[in-house]
A.B. asks: 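Input: one structure, supplied below.
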Amino acid sequence: MNVRKKIALFLSATALTAGLTAAGLPAAVAAPAKAAKPAAECGVRSDGRLYCGNRAGAKGYADRSYRSATRGTLVGTFSWFQCWGHGDPHPGGNDIWYWTQLDNGAWGNVPAVDVNTGQDPAPGLREC
């Protein structure tokens with residue numbers, strides 16, 4: 001994607017967010033934001049997985065991109081993640097995505113903006 005298209009996409013997203021916020025919708029609906037603080041427990045355990053809080057309803061994608069197919073969601077607010085990888089940038093300000101088994105049993109990539117880590121990638125979690 002060239003720079004002009006990226007800028008246009010960014011401006012469109014900003015305008016949409018402003019419109020949704022002005023319409024009185026909650027900020028979480030308008031634009032998901034990284035949690036200010038990580039969950040009380042967020043770290044890699046002895047099994048090598050990251051256990052951490054996440055945004056309820058976070059979507060898991062086939063690839064590390066919002067343009068790929070949605071495979072399912074994380075209904076709850078605490079999940080485990082097998083590994084991380086680089087992908088498309090997301091509203092969290094980086095390009096880190098976490099691989100996990102979603103609540104429907106399918107596997108998917110969740111953008112780091114939806115995982116309540118203190119930093120991305122989460123220290124101690126392997127790259128995949």
Side-chain angles (χ1 to χ4, degrees):
M1 182 181 300
N2 69 33
V3 174
R4 286 183 188 202
K5 285 185 181 179
K6 286 182 181 180
I7 291 171
L9 181 60
F10 173 77
L11 292 175
S12 297
T14 302
L16 178 61
T17 300
L20 290 173
T21 303
L25 294 176
V29 172
K34 187 79 167 171
K37 293 183 194 176
E41 180 191 353
C42 185
V44 177
R45 295 185 186 169
S46 60
D47 63 2
R49 294 176 175 170
L50 171 69
Y51 290 81
C52 200
N54 59 267
R55 184 179 64 79
K59 292 181 182 179
Y61 296 86
D63 299 311
R64 296 174 190 144
S65 170
Y66 290 115
R67 295 181 310 255
S68 66
T70 302
R71 290 192 169 168
T73 60
L74 296 174
V75 177
T77 58
F78 193 82
S79 303
W80 58 265
F81 302 89
Q82 190 71 38
C83 55
W84 67 273
H86 293 284
D88 285 353
H90 53 72
N94 62 51
D95 68 350
I96 305 300
W97 293 67
Y98 293 99
W99 181 248
T100 192
Q101 190 169 22
L102 304 163
D103 290 338
N104 65 359
W107 287 81
N109 294 282
V110 177
V113 69
D114 292 333
V115 182
N116 300 335
T117 53
Q119 72 181 69
D120 296 310
L125 185 64
R126 72 179 181 88
E127 185 175 0
C128 53

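If you read the sequence from its start, that first residue is 1, and numbering goes on from there. Only this structure's heavy atoms are used, side chains among them; waters, hydrogens and symmetry mates stay out.
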A.B. asks: For the pair R71 (side chain) and G60 (backbone), establish whether a donor and an acceptor sit closer than 3.5 Å, ignoring hydrogens and angles.
C.D. replies: no
A.B. asks: When rounded to the nearest 0.5 angstrom, what distance separates CH2 in W99 from CH2 in W107?
C.D. replies: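 Those atoms lie 7.5 Å apart.
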A.B. asks: Quick one: pull up CD1 in I96 and CG in L125 and give me the separation to the nearest 0.5 Å.
C.D. replies: 10.5 Å
A.B. asks: Less than 4.5 Å apart, any side-chain heavy atom of E127 and any of H86?
C.D. replies: yes
A.B. asks: Does any pair with a residue in residues 79-102 pass salt bridge (charged side-chain N to carboxylate O under 4.0 Å, His left out), and if so which ones, sequence neighbours excluded?
C.D. replies: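 Found R67-D88.
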A.B. asks: Rounded to the nearest 0.5 Å, what's the gap from CG on N116 to OG on S79? Could you check?
C.D. replies: 10.0 Å
A.B. asks: Can you list the residues that meet the side-chain hydrogen bond (donor to acceptor under 3.5 Å, both in side chains) rule with R45, with sequence neighbours excluded?
C.D. replies: E41
A.B. asks: Hey, does the side chain of D47 reach the backbone of R49 with a donor-acceptor pair shorter than 3.5 angstrom?
C.D. replies: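 Yes, because the side chain of D47 sits within donor-acceptor range (under 3.5 Å) of the backbone of R49.
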A.B. asks: Does Y98 reach the main-chain N or O of L50 with its side chain, forming a donor-acceptor pair under 3.5 Å?
C.D. replies: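 No, Y98 side chain to L50 backbone: no donor-acceptor pair under 3.5 Å.
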A.B. asks: Any idea which heavy atoms bring A62 and S68 closest together, and the distance?
C.D. replies: N-OG, 3.5 Å
A.B. asks: Roughly how far, to the nearest 0.5 Å, is CH2 of W84 from OG1 of T117?
C.D. replies: 12.0 Å
A.B. asks: Scan residues 55-128 for pairs that pass disulfide (SG to SG under 2.5 Å), counting only residues two or more places apart or in two chains.
C.D. replies: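 Residue pairs passing disulfide (SG to SG under 2.5 Å), neighbours aside: C83-C128.
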A.B. asks: Got a sec, which residues hit side-chain contact (heavy atoms from CB on, under 4.5 Å) with T100, two or more places apart in sequence or on another chain?
C.D. replies: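 T100 satisfies side-chain contact (heavy atoms from CB on, under 4.5 Å) with L74, W80, F81, L102, V110 once adjacent residues are dropped.
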A.B. asks: Report the residues that fulfil side-chain contact (heavy atoms from CB on, under 4.5 Å) with T70, sequence neighbours left out, ordered by chain and then residue number.
C.D. replies: K59, Y61
A.B. asks: Grab the two heavy atoms, one from Y66 and one from P111, that are nearest each other, plus how far apart they are.
C.D. replies: OH-CG, 3.5 Å
A.B. asks: Restricting to pairs with a member in residues 102-112, which pass salt bridge (charged side-chain N to carboxylate O under 4.0 Å, His left out), not counting sequence neighbours?
C.D. replies: none
A.B. asks: Return yes if some donor-acceptor pair links the side-chain N/O of N104 with the main-chain N/O of T73 below 3.5 Å, else return no.
C.D. replies: no
